[in-house]
A.B. asks: 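Please see the structure below; I have some questions.
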Amino acid sequence: MQTVSLDHGQLAFVQQGTGLPVVLVHGFPFDHRMWQHPLATLAADAHVVVPDLRGFGSSSGLADPLTMSQLADDLAQLVAALEISQPICLVGLSMGGYIAFEFWRRHRKLLGGLVLCDTKAETDTPQALQNRHRMAEHVLAYGTELVAQAMLPNLVAAETVSQQPRVMELLRTMIVETGVETIAAAQRGMALRQDATSWLAEIDVPTLVVAGENDQLTPAAAMHAMAQSIPDAEFVSVPAAGHMAPLENPAVVTDAIRQHLVRRM
Ligand code: MLT
């Protein structure tokens, strides 16, 4: 991995290929490895940059709470540090999508297109907020193994559990290797995020919305409705996939992103 010094610390990232700049932003609590398949394929005709967000993977400089606006600003600094002058296509999964909404709001001039993958615009219900704060306390007290146990069953489609042991192992590894302070800080940061629902009608870049057909956390029907609220959006449903569609069915997700880049950007 390469690193770049930003205001807050060192940000680690991988980059591959040349052409249209595409930044792939991981979800919670993962790192750049969740994008391994799209990275390899998209880099054939794009400049693909895949960071470990602040505090995750090999990146330092954790803040608590870790807010979506801080993480969006980090991405803008990364784009500047890499001297990328063309507007980027920002691809975000789940928490990466929350960051993508903030990036659109705060750094519109840097943005040429969006891919919102297995994410949502709404903030949390009172119950979900409570769960975030509970996980923040529990991970600090008991460690990441419990987080993996709690999260894994809801992350993927049933067929992924039974047929893709390597995907399950990678997901588990990424979760247990994430620092306990990072998990707590990111939960507190996500709890503070703004509701992006009212922004959807104003999103003025070509947008692709990608949903795992069996996503239990951000259901495909809700994502379809979200796509209909964005003026220039297309929707793709990914078969045999849950919330982690880019790992579960990478061919369909990568092809949808490629077509978005070629036809609409
Ligand atoms: C993610 O995959 O990034 C999480 O599901 C986001 C969240 O906890 O809301």
Side-chain angles (χ1 to χ4, degrees), residues 23-35 38 50-57 59 65-72 74-75 90-103 115-139 144 146-157 160 167-168 170-180 182-197 209-212 214-220 222-223 226 238 241-249 253:
V23 180
L24 307 178
V25 185
H26 64 78
F28 166 89
F30 309 113
D31 57 51
H32 72 282
R33 287 175 287 181
M34 64 147 287
W35 291 112
V50 195
D52 282 345
L53 295 169
R54 185 197 292 220
F56 290 87
S59 291
L66 190 56
T67 66
M68 302 304 104
S69 46
Q70 282 167 336
L71 293 169
D74 291 348
L75 294 178
L90 189 57
V91 182
L93 179 128
S94 200
M95 181 181 75
Y98 310 157
I99 298 165
F101 288 127
E102 278 295 341
F103 192 92
V115 179
L116 302 170
C117 195
D118 298 288
T119 191
K120 59 175 183 266
E122 301 82 33
T123 43
D124 298 317
T125 60
Q127 180 64 52
L129 275 178
Q130 229 177 47
N131 292 344
R132 288 199 191 284
H133 291 295
R134 189 177 312 123
M135 185 190 283
E137 282 163 27
H138 282 188
V139 73
T144 52
L146 274 187
V147 176
Q149 277 170 27
M151 288 190 73
L152 278 174
N154 300 320
L155 282 176
V156 292
T160 304
V167 168
M168 298 310 294
L170 176 60
L171 287 169
R172 210 192 73 83
T173 302
M174 287 190 286
I175 296 172
V176 298
E177 286 180 0
T178 301
V180 291
T182 299
I183 290 180
Q187 284 288 29
R188 292 180 185 126
M190 284 190 284
L192 292 173
R193 76 186 189 281
Q194 292 204 41
D195 194 319
T197 313
V209 176
V210 181
N214 301 307
D215 189 333
Q216 300 166 58
L217 300 178
T218 47
M223 292 206 60
M226 182 175 84
V238 184
H243 191 60
M244 300 306 295
L247 275 172
E248 300 178 74
N249 194 340
V253 173

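Keep in mind that the numbers below use all heavy atoms, side chains included, and drop hydrogens, waters and symmetry copies. Counting starts at 1 for both ligands and their atoms, following the listed order.
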A.B. asks: Using side-chain contact (heavy atoms from CB on, under 4.5 Å), reason through Phe30 and Leu247 one step at a time and then give a plain yes or no.
C.D. replies: CA-CA 12 Å; Phe30 309 113; Leu247 275 172; over 6 Å; no

A.B. asks: Please check: side-chain N/O of Glu248 versus main-chain N/O of Gly242, any donor-acceptor pairing under 3.5 Å?
C.D. replies: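 Confirmed, Glu248 side chain pairs with Gly242 backbone.
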
A.B. asks: Touching ligand 1 at all, His26? Heavy atoms, strictly under 4.0 Å?
C.D. replies: no

A.B. asks: To the nearest 0.1 Å, how far is atom 2 (O) of ligand 1 from its closest protein heavy atom, and which atom is that?
C.D. replies: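 Heavy-atom neighbour on the protein nearest atom 2 (O) of ligand 1: His243 NE2, 2.9 Å.
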
A.B. asks: Sub-3.5 Å donor-acceptor pair from the side chain of Asp52 to the main-chain atoms of His32, do we have one?
C.D. replies: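 Side chain of Asp52 to backbone of His32: a pair is present.
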
A.B. asks: May I have the step-by-step check of side-chain contact (heavy atoms from CB on, under 4.5 Å) for Lys120 and Met223, ending in yes or no?
C.D. replies: CA-CA 7 Å; Lys120 59 175 183 266; Met223 292 206 60; over 6 Å; no

A.B. asks: Regarding ligand 1, does Gln187 bring an N or O atom to under 3.5 Å of one of the ligand's N or O atoms?
C.D. replies: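 No; the residue has no nitrogen or oxygen that sits under 3.5 Å from a nitrogen or oxygen of the ligand.
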
A.B. asks: Do me a favour and list the nearest non-hydrogen protein atom to atom 8 (O) of ligand 1 with residue, atom name and distance?
C.D. replies: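 Going by distance alone, atom 8 (O) of ligand 1 is nearest to Arg132 NH1, 3.0 Å.
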
A.B. asks: Work out which heavy atom in Ser94 is nearest to a heavy atom in His243; give both atom names and the distance.
C.D. replies: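 Closest approach of Ser94 to His243: OG-NE2, 3.0 Å.
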
A.B. asks: Starting from atom 1 (C) of ligand 1, which protein heavy atom do you reach first, and at what distance in Å?
C.D. replies: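 Here the nearest protein heavy atom works out to Ser94 OG, 2.9 Å.
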
A.B. asks: Can a side-chain donor-acceptor contact be found between Asp74 and Gln70 if the only test is distance below 3.5 angstrom?
C.D. replies: no

A.B. asks: Using side-chain heavy atoms (C-beta onward) and a distance below 4.5 Å, is Leu53 in contact with Ile99?
C.D. replies: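 In contact.
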
A.B. asks: Which ligand 1 atoms does Gly27 reach within 4.0 Å, using its non-hydrogen atoms?
C.D. replies: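 Listed by number with element: 3 (O).
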
A.B. asks: Checking contacts here: is it the side chain or the backbone of Met190 that comes within 4.0 Å of ligand 1, counting heavy atoms only? Could be both or neither.
C.D. replies: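 It is the side chain that touches ligand 1; the backbone stays farther off.
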
A.B. asks: Just need the protein heavy atom nearest to atom 3 (O) of ligand 1, so name the residue and atom and give the distance.
C.D. replies: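 The answer is Phe28 N, 2.7 Å.
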
A.B. asks: Is there any N or O on Met95 that sits under 3.5 Å from an N or O of ligand 1?
C.D. replies: yes

